[in-house]
Amino acid sequence: DQQVKQNSPSLSVQEGRISILNCDYTNSMFDYFLWYKKYPAEGPTFLISISSIKDKNEDGRFTVFLNKSAKHLSLHIVPSQPGDSAVYFCAANTDNFNKFYFGSGTKLNVKP
Amino acid sequence: DTGVSQDPRHKITKRGQNVTFRCDPISEHNRLYWYRQTLGQGPEFLTYFQNEAQLEKSRLLSDRFSAERPKGSFSTLEIQRTEQGDSAMYLCASSMRLTSGTGELFFGEGSRLTVL
């Protein structure tokens, strides 16, 4: 059962513009959400997280928005840079932090 | 570097052979996870440990798979009688279990298994 879904396998954006990556989830028990970035031949690296008590969290060029009623979160990257080209995974878990459920990823390509 | 380290980075084996992967987590982390990732998919949970106790196993983890974390430090993941369907990237991650606040996973670079 795919509890976390990323319906866009790829996204191409021009350098300097905004990148918006989307993620949907089905389990209303999820209360902690994360975004990871993965380069080829490397493990995923943590990017930014958000707790369900918030609807927005910002860290530099990266902002995550959470819409609990729609069970939807998004990652905004502004401005996008070529070095941001990678696969982005969203992940979710519950208060117990027992395991994290991951989406299938969105490959972002930022064109110079 | 005190991140999560995995060994070997790449393993090629013939079907039916046994393979073992090792993971050294971040030293102060008490939780250790194994995930598996195949092409075009996100990481899938296999199992996790809190200290030396294996607290949960996915139904993906058949009886050919066994994981250990002796003394709550490093962990090993063994796959017996490998099958071609076992070909994947095996990711180890660690985290610090907190009573509250963030508890994100820190991943190693993965061990890629190719079963011929």
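Chain naming here is simple, since letters A, B, ... match the order of the sequence lines and numbering starts at 1 in each.
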Contact class of B:L91 relative to chain A, heavy atoms under 4.5 angstrom: side chain
Any donor-acceptor N/O pair, A:Q6 side chain to A:C90 backbone, under 3.5 Å: yes
Worked check of side-chain hydrogen bond (donor to acceptor under 3.5 Å, both in side chains) between A:N67 and A:H72: CA-CA 5 Å; A:N67 182 335; A:H72 177 84; over 6 Å; no
Proximity of A:Y36 and B:F107 rings by center, below 6.0 Å: yes
B:R64 and B:E78 ion-paired at < 4.0 Å: no
Chain A contact via B:Q37 - which portion, at a heavy-atom distance below 4.5 Å: side chain
From B:L32 atom CG to B:N51 atom CG, the distance as rounded to the nearest 0.5 Å: 10.5 Å
Side chain / backbone / both / neither for A:K38 at chain B, heavy atoms under 4.5 Å: side chain
Segment of B:R112 engaging chain A (4.5 angstrom heavy-atom cut-off): neither
Chain B interface, residue from A:S51, A:G105, A:S104, A:G103 that has the most non-hydrogen pairs under 4.5 Å: A:S104
